[in-house]
J.: 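Handing you a structure now.
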Amino acid sequence: MRPSNLNILMIKIENLAKSFGAKRAVDGISFTVERGEVVGFLGPNGSGKSTTMRMITGYYPPTAGSVRVGGYDVVESPLEAKRLIGYLPENAAAYPDMSVRGFLGFAAELRGLSGAAKRKAVARAVERCFLESVLHQSIDTLSKGYRHRTCLAQALIHEPEVLILDEPTDGLDPNQKHEVRNLIKELGRTKAVVFSTHILEEVDAACTRAIIIDRGRIVAQGTPDELGRPLDEVFRRLTVPDTAVPDTVKQ
Amino acid sequence: MRNVLIIAKRELASYFTSPVAYVFLVIFLLLTGFFTFTAGQFFERGEASLGAFFGWHPWLYLVLVPAAGMRLWAEERRAGTLELLMTMPITPWQAIFGKFLASWVFLGIALALTFPVVVTANVLGTPDNGIIFAGYLGSLFLAGAYLAITCLTSAMTRNQVVAFILSVVACLFLILAGFNPVTDLMVRWASPAFIDTVAAFSVVTHFDGFQKGVIDSRDLAYFLSVIGFSLFATSIVLRNR
């Protein structure tokens, strides 16, 4: 049996740090996420949210510290850790020349599904993310909202136990935002979810806990009520506006 | 291996869902036809062989193979799908080899579509089809070597044009090291042993044997090591993203 089934602690991050040259993008972050939690990751642009998520998903190797997902160290056992994770990258990247169905099928195959199990997984993800009407459309012809949901469907395709969502509501219209928030809330009952945002209402709407990060450090965490009200004032008090990392450094 | 095939299948399909495949195949076949029959004087030679056909391949591939392979990793970087691919439960090797394999198969398809040249030679005379087979095998390995170099340059940048130019330059060096006009120039100041050593790095030197119908394990080893080294370097470049 996988250790994750014995343990409700799904993500354990200890003293995680990442440097790009002289720039310290993430500077000694530690936190844990349990199954059944939805953690909102808040912070100004360039505060290290995406970099942290990229280290959790194994895209960036950490400069220091460790990430364990479901008991597996992301650096030492990358395949085992990655199997447990569903990831929506920033800007919802997807292969533009593929159809929605082709893309989801490809993701399902890489997740080890084939035949009837693959068809079932694709159908379920399509239903959950309302993609029925664009199933045969190629991704480069989709509107931003649909492309986002296609990439979200990809993250959900293998029923992962850990979901890492980088700005899942970015670029969606108010109705779509509402749907995605509800979906996150629902998924959070059985999974460990971390999502980043800079929209503060989303914290109230979907999170069980929020972590505020600024210049690579955690400056506050707790339930929305514990952080104090109004949230946007708390956020402004805790973070410094001028922390944007230039794009070249981020990449 | 399953993951390699999944990646390769997607990559190969993406050639044919875009105009790239068709443009490439038409241009490739037009150019091979032109070089073989017009520039190579296939008929005037009066011999039933494909020397006029294969002799041009190192130069033809110099432009066409980088064109077919430049998007392999550059496009993944530009579209951001590299992040998606690298966070899937696959090893970087499976992704690198799968993508290389897809492009190599594509180039193999292009090469296979030149079969009318073989038919022509067989209708007009009685060529040694063993030599022709060796020529095709060598040509496929030649394309594979160029392609692996293109994989490497493509992994270095998100810009396909940069990837294209870098790989053309790298492949050109591999031609010139053993190209007669160049080695003749070196005779004036370099020892024969030195010239032979430099020429041993050239694709031309190792492609020659195949054209003569000789499948030498040393030539095979050369092409396989160029491919292996370039793909290994690709994995290092991708790791340091």
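Just so you know, these numbers use all the heavy atoms, side chains as well, and skip hydrogens, waters and symmetry mates. Naming: A, B, ... by sequence-line order, numbering from 1 per chain.
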J.: Decide yes or no for Met98(A) and Arg10(B): does some side-chain heavy atom of the first lie under 4.5 Å from some side-chain heavy atom of the second?
T.: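 Yes. Closest side-chain heavy atoms under 4.5 Å.
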
J.: Can you say whether Ser18(B) sits under 4.5 Å from chain A via the side chain, the backbone, both, or neither, judging by heavy atoms?
T.: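 Contact with chain A involves no heavy atom of Ser18(B) at all.
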
J.: Taking side chain as everything from C-beta outward and backbone as N, CA, C, O, which of these in Ala155(A) sits under 4.5 Å from a heavy atom of chain B? Side chain, backbone, both or neither.
T.: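 Looking at Ala155(A), nothing touches chain B.
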
J.: Could you check if a side-chain atom of Leu110(A) sits within less than 4.5 angstrom of a side-chain atom of Ile90(B), using non-hydrogen atoms only?
T.: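 Answer yes - side chains close enough.
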
J.: Can you name the nearest heavy-atom pair linking Ala79(B) to Ala93(A), along with the distance?
T.: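 Nearest pair, atom of Ala79(B) first, then Ala93(A): O-CB, 3.5 Å.
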
J.: Do the side chain of Arg2(B) and the main chain of Glu109(A) share a donor and acceptor less than 3.5 angstrom apart?
T.: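 Checked: pair present.
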
J.: Mind checking the OH-OG1 spacing from Tyr60(A) to Thr87(B)? Nearest 0.5 Å is all I need.
T.: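 Going from the OH atom of Tyr60(A) to the OG1 atom of Thr87(B) covers 12.0 Å.
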
J.: Which pair of non-hydrogen atoms, one from Ser14(B) and one from Asp97(A), has the smallest distance, and what is that distance?
T.: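 So the two residues come closest at CB-OD2, 2.8 Å.
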
J.: Picking from Ala92(A), Gly112(A), Pro78(A), Gly102(A), which has the most non-hydrogen pairs under 4.5 angstrom with chain B?
T.: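 It is Gly112(A).
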
J.: To the nearest 0.5 Å, what is the distance between CD (Glu83(B)) and CG (Asn91(A))?
T.: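 Here the interatomic distance stands at 9.0 Å.
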
J.: At a 4.5 Å cut-off on heavy atoms, which part of Gln94(B) comes close to chain A: side chain, backbone, both, or neither?
T.: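 No part of Gln94(B) comes within 4.5 Å of chain A.
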
J.: Please report the interatomic distance CZ(Arg111(A)) to CD1(Ile6(B)), rounded to the nearest 0.5 Å.
T.: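 Going from CZ on Arg111(A) over to CD1 on Ile6(B), the span is 11.5 Å.
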
J.: More than 12 non-hydrogen atoms from neighbouring residues, nucleotides or ligands closer than 6.0 Å to CD on Glu159(A), yes or no?
T.: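 Atom CD in Glu159(A) is crowded, with more than 12 foreign heavy atoms closer than 6.0 Å.
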
J.: Can you name the nearest heavy-atom pair linking Pro89(B) to Lys82(A), along with the distance?
T.: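 Taking Pro89(B) first and Lys82(A) second, the nearest heavy atoms are CA-CB, 4.0 Å.
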
J.: Which atoms of Gln154(A) come close to chain B, meaning under 4.5 Å heavy atom to heavy atom: side chain ones, backbone ones, both, or neither?
T.: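 When you check distances to chain B, only side chain atoms of Gln154(A) fall under 4.5 Å.
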
J.: Answer yes or no: is there a donor N or O on one side and an acceptor on the other, between the side chain of Lys9(B) and the main chain of Phe106(A), under 3.5 Å?
T.: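 No, because the side chain of Lys9(B) does not come within donor-acceptor range (under 3.5 Å) of the backbone of Phe106(A).
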
J.: Determine whether more than 12 heavy atoms belonging to other residues, nucleotides or ligands lie under 6.0 Å from atom CZ of Phe16(B).
T.: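 For Phe16(B), atom CZ is crowded (more than 12 foreign heavy atoms under 6.0 Å).
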
J.: Does the side chain of Thr17(B) reach to within under 4.5 Å of the side chain of Tyr95(A), using non-hydrogen atoms?
T.: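 A side-chain contact under 4.5 Å is absent here.
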
J.: Would you indicate whether the side-chain heavy atoms of Tyr87(A) and Met88(B) approach each other to under 4.5 Å?
T.: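 SC-SC contact between Met88(B) and Tyr87(A) ruled out.
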
